[in-house]
Amino acid sequence: MTPFIILCASIGYGIESIFGFAGSVVTYLLLTQFLTAKETIALLPVFALAGSLIILTSDWKAIRWRVILRVCIFALPGLVLGIFFMDRLADNYLSTGVLVIILVYGISLIAGKNPTVPSMLRIPLYFISGAVIGAASLGVLFIPVLSSELGDRRSFRASLALLWFITACFRVPLYIASDILTTSGIISGLWAIPFLFVAIIGGFMIHKIIPEAHYKRYVGFAITAVSLVNLIF
């Protein structure tokens with residue numbers, strides 16, 4: 001099972017390196033073909049720690065530090081609350097809820113819309129986004145909320161890597177304390193690190209040549225298609 005987990009994470013974080021987001025989404029969709037939703041959710045922050053750190057060290061000068069640290073002040077309490085509720089949800093309800101979120105996210109990417117969030121709504125949306133990443137290990141709600149604050153795609157990619165790294169630092173110990181993340185999951189994450197490094201380097205090379213006007217839509221089509229298949233079958 002470990003080689004399969006490593007392969008899924010490598011594909012996901014190769015995509016993460018290209019687009020700055022969607023690594024956890026793609027990894028989740030692949031891993032849940034053989035693992036339960038909670039088992040998959042518990043693995044994702046382990047990969048996020050390794051994958052995001054590699055991205056950060058390669059492009060740390062582009063990070064919007066103040067924006068991400070401000071987001072974390074309001075998102076981290078929501079993250080803790082999300083883990084509390086996730087631990088009490090039945091796996092089938094959790095799986096369906098996560099797939100619906102991913103499906104809506106994929107459709108929004110295909111539409112190519114970048115909604116502008118009013119400043120008065122940002123704080124509650126930071127909190128809600130934190131709750132979703134705590135409950136599902138997916139930061140998809142952060143994307144529309146932060147898209148107008150993170151500037152060009154280089155800053156977008158690097159700043160989100162910092163956000164995923166910080167939230168993973170909280171998710172890993174909280175998942176362990178909740179008995180969601182096991183020792184075998186941590187070991188799988190450690191084995192994946194060299195493979196993630198190769199995937200991220202390859203992804204960064206692709207990132208530099210993809211036209212900015214189209215790159216979000218490419219991953220949107222893939223996410224939507226896999227979400228529909230998972231929901232139907």
Side-chain angles (χ1 to χ4, degrees), residues 2-33 40 43-65 67-68 102 105-106 108-114 133 137-140 142-144 146-169 188-227:
T2 298
F4 170 74
I5 292 172
I6 291 173
L7 176 63
C8 294
S10 298
I11 294 171
Y13 279 87
I15 291 173
E16 178 83 19
S17 182
I18 296 171
F19 301 106
F21 61 98
S24 293
V25 172
V26 173
T27 305
Y28 176 91
L29 291 172
L30 293 172
L31 285 178
T32 47
Q33 303 305 308
T40 302
L43 283 171
L44 293 180
V46 180
F47 301 135
L49 278 175
S52 300
L53 185 60
I54 294 168
I55 295 173
L56 287 173
T57 54
S58 67
D59 210 14
W60 61 272
K61 291 183 179 180
I63 296 171
R64 298 292 181 90
W65 294 91
V67 174
I68 298 304
I102 293 173
Y105 174 54
S108 71
L109 288 175
I110 293 172
K113 295 180 179 179
N114 293 306
I133 203 171
S137 268
L138 302 176
V140 294
F142 283 112
I143 307 302
L146 290 173
S147 60
S148 62
E149 294 192 76
L150 294 182
D152 59 57
R153 68 178 182 180
R154 182 185 172 197
S155 295
F156 184 84
R157 173 180 176 272
S159 300
L160 287 180
L162 176 61
L163 180 59
W164 309 150
F165 180 79
I166 293 172
T167 56
C169 286
S188 296
L190 294 176
W191 275 110
I193 290 175
F195 299 93
L196 292 179
F197 180 78
V198 173
I200 288 169
I201 294 300
F204 182 62
M205 295 173 66
I206 297 171
H207 166 81
K208 293 190 292 185
I209 62 175
I210 291 181
E212 188 161 355
H214 302 294
Y215 82 112
K216 288 185 181 180
R217 291 188 180 184
Y218 295 156
V219 75
F221 277 111
I223 288 171
T224 302
V226 179
S227 300

Notebook entry, point to check: Hey, which of Val67, Ile68, Leu53 is the one that makes side chain to side chain contact (heavy atoms under 4.5 Å, CB included) with Leu162?
Noted result: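 So, applying the side chain to side chain contact (heavy atoms under 4.5 Å, CB included) to Leu162 and each of Val67, Ile68, Leu53, only Ile68 qualifies.
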
Considering all heavy atoms, the nearest [X]-[Y] contact:
{"X": "Ser137", "Y": "Pro45", "result": "OG-CD, 3.4 Å"}
{"X": "Arg64", "Y": "Glu149", "result": "NH1-O, 3.4 Å"}
{"X": "Thr27", "Y": "Cys8", "result": "OG1-O, 3.7 Å"}
{"X": "Ala158", "Y": "Leu56", "result": "O-CD2, 3.6 Å"}

Interatomic spacing from [atom1] in [X] to [atom2] in [Y] - rounded to 0.5 Å:
{"X": "Phe142", "Y": "Leu160", "atom1": "CZ", "atom2": "CG", "result": "9.5 Å"}
{"X": "Phe47", "Y": "Leu31", "atom1": "CZ", "atom2": "CG", "result": "6.0 Å"}
{"X": "Ser10", "Y": "Ile193", "atom1": "OG", "atom2": "CD1", "result": "11.5 Å"}

Next item on the list: Applying side chain to side chain contact (heavy atoms under 4.5 Å, CB included), run through Leu138 and Leu44 and close with a yes or a no.
Entry: CA-CA 8 Å; Leu138 302 176; Leu44 293 180; 4.1 Å; yes

Next item on the list: Could you walk me through whether Leu163 and Leu146 pass the side chain to side chain contact (heavy atoms under 4.5 Å, CB included) test, one step at a time?
Entry: CA-CA 11 Å; Leu163 180 59; Leu146 290 173; 3.9 Å; yes

Checklist line | Donor-acceptor contact present, side-chain Ser52 to main-chain Leu49, <3.5 Å | finding: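 Flag not set: sc Ser52 to bb Leu49 has no pair under 3.5 Å.
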
Check: Is there a side chain to side chain contact (heavy atoms under 4.5 Å, CB included) between Ile5 and Trp191 once you walk through the steps?
Finding: CA-CA 10 Å; Ile5 292 172; Trp191 275 110; over 6 Å; no

